[in-house]
Amino acid sequence: DVKVTQSSRYLVKRTGEKVFLECVQDMDHENMFWYRQDPGLGLRLIYFSYDVKMKEKGDIPEGYSVSREKKERFSLILESASTNQTSMYLCASSPGTGVEQYFGPGTRLTVT
Amino acid sequence: ILNVEQSPQSLHVQEGDSTNFTCSFPSSNFYALHWYRWETAKSPEALFVMTLNGDEKKKGRISATLNTKEGYSYLYIKGSQPEDSATYLCAFYVGGAGTALIFGKGTTLSVSS
């Protein structure tokens with residue numbers, strides 16, 4: 001069964017902290033994605049990666065960075081967390097471009 | 001900037017009602033159109049991936065159609081049940097290196113018994 005896992009379901013951090021959100025998929029998928037979901041704004045793409053060590057900016061990359069050292073793992077990094085980064089973060093993976101994406105359970109991050 | 005519009009934003013129906021939603025997308029440079037269902041406290045799950053103009057897909061009581069020439073897709077739910085309550089997302093893919101899915105804001109369906 002296809003599986004995408006995220007390191008935490010809920011996370012509370014303080015303003016200015018460096019935050020790591022981890023995503024692991026066990027399907028040997030090439031592509032991985034990070035989204036955030038906010039009420040009224042839908043799913044917005046932060047970064048995606050189509051290969052190990054490759055990354056592409058999405059629609060809202062400011063304040064974030066990513067790391068993909070291994071095929072199965074895609075990390076989202078908030079260099080200095082701010083309150084406007086309080087959101088639901090979803091990771092997804094897909095075996096190719098334009099095909100079905102498989103989503104993780106999400107991490108609800110609160111920055112105080 | 002490519003935009004995907006979904007309507008209505010939310011919908012409340014009674015059990016047994018049939019309903020439909022609309023997804024509008026740019027008609028040029030089309031590659032694929034996805035529909036996802038996102039239930040509360042769960043992950044979004046793909047319903048359909050559609051690539052050809054005139055495509056019709058069906059899964060149980062849910063079906064979808066695609067018109068790439070005019071840039072829209074309809075999702076139909078026949079005989080809605082409370083378990084159909086969810087947010088339905090469509091996403092458009094233009095294709096090409098360095099591109100990714102563009103999601104609409106979703107239609108939230110609530111079905112009461």
Side-chain angles (χ1 to χ4, degrees), chain A residues 1-6 8-10 23-27 29-51 54-61 66 68 74 87-108, chain B residues 1-10 21-26 29-52 55 57 59 64 66 68 73 86-108:
Chain A
D1 218 9
V2 165
K3 199 159 186 185
V4 179
T5 57
Q6 294 182 229
S8 307
R9 290 300 300 269
Y10 300 94
C23 175
V24 178
Q25 50 97 0
D26 64 0
M27 299 159 283
H29 283 173
E30 302 293 327
N31 300 334
M32 296 187 75
F33 308 84
W34 274 106
Y35 298 90
R36 62 180 280 179
Q37 193 263 342
D38 301 288
L41 297 178
L43 276 177
R44 294 183 292 166
L45 182 65
I46 305 171
Y47 268 98
F48 64 105
S49 167
Y50 50 87
D51 202 352
M54 304 299 288
K55 60 184 179 183
E56 291 276 350
K57 291 181 180 179
D59 299 318
I60 50 165
V66 290
R68 192 161 181 209
F74 191 35
S87 187
M88 168 69 87
Y89 289 88
L90 282 162
C91 174
S93 71
S94 70
T97 48
V99 298
E100 177 181 348
Q101 290 189 8
Y102 297 85
F103 285 84
T107 295
R108 185 164 291 284
Chain B
I1 295 176
L2 297 174
N3 208 26
V4 177
E5 300 284 344
Q6 290 189 247
S7 62
Q9 185 176 345
S10 63
F21 324 133
T22 304
C23 173
S24 300
F25 53 87
N29 299 319
F30 176 86
Y31 187 93
L33 192 284
H34 295 207
W35 281 101
Y36 291 84
R37 175 168 58 198
W38 192 0
E39 297 177 68
T40 303
K42 294 187 177 180
S43 311
E45 289 186 346
L47 287 170
F48 306 113
V49 176
M50 307 172 80
T51 56
L52 298 175
D55 241 357
K57 300 261 186 178
K59 185 181 286 189
L66 178 66
T68 61
S73 174
T87 295
Y88 292 82
L89 300 169
C90 78
F92 168 74
Y93 183 62
V94 70
T99 61
L101 284 176
I102 302 165
F103 280 86
K105 294 179 182 178
T107 293
T108 299

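Residue numbering restarts at 1 for every chain, and letters A, B, ... go by the order of the sequence lines. Quick note: numbers below take in every heavy atom, side chains included, and nothing from hydrogens, waters or symmetry partners.
- Under the rule for a ring pair (Phe, Tyr, Trp, His ring centres under 6.0 Å), B/Phe48 has no partner lying at least two apart in sequence or in another chain.
- A 4.5 Å side-chain heavy-atom check between A/Phe103 and B/Trp38 finds every atom pair outside the cut-off.
- In this structure, B/Ile102 CD1 and A/Leu43 CG are separated by 13.0 Å, a value rounded to the nearest 0.5 Å.
- By the 4.5 Å heavy-atom criterion applied to side chains, B/Phe103 and A/Arg44 are not counted as neighbours.
- Residue B/Phe92 does not touch chain A at all, counting heavy-atom pairs closer than 4.5 Å.
- How far CZ of A/Phe48 is from CG of B/Leu101: 10.0 Å, rounded to the nearest 0.5 Å.
- Under a 3.5 Å cut-off, the side chain of A/Tyr102 and the backbone N or O of B/Ala46 do not form any donor-acceptor pair.
- Among B/Gly106, B/Pro44, B/Ala91, the residue making the largest number of heavy-atom pairs under 4.5 Å with chain A is B/Pro44.
- Counting non-hydrogen atoms of other residues, nucleotides and ligands closer than 6.0 Å to CD of B/Gln9 gives a total of 12 or fewer.
- In this structure, OG in B/Ser43 is found 7.5 Å from CD in A/Gln6, a value given to the nearest 0.5 Å.
- With chain B as partner, the option from A/Gly106, A/Gly98, A/Gly42 having the largest number of non-hydrogen pairs under 4.5 angstrom is A/Gly98.
- The nearest pair of heavy atoms linking B/His34 to A/Glu100 is CE1-N, 3.7 Å.
- Only the side chain of A/Gln37 comes within contact range of chain B, judged by heavy atoms closer than 4.5 Å.
- The minimum heavy-atom distance between B/Tyr31 and A/Thr97, with the atom names listed, is CE2-O, 4.4 Å.
- Of the listed residues (A/Asp59, A/Leu90, A/Leu45), the greatest number of heavy-atom pairs within a distance under 4.5 Å of chain B belongs to A/Leu90.
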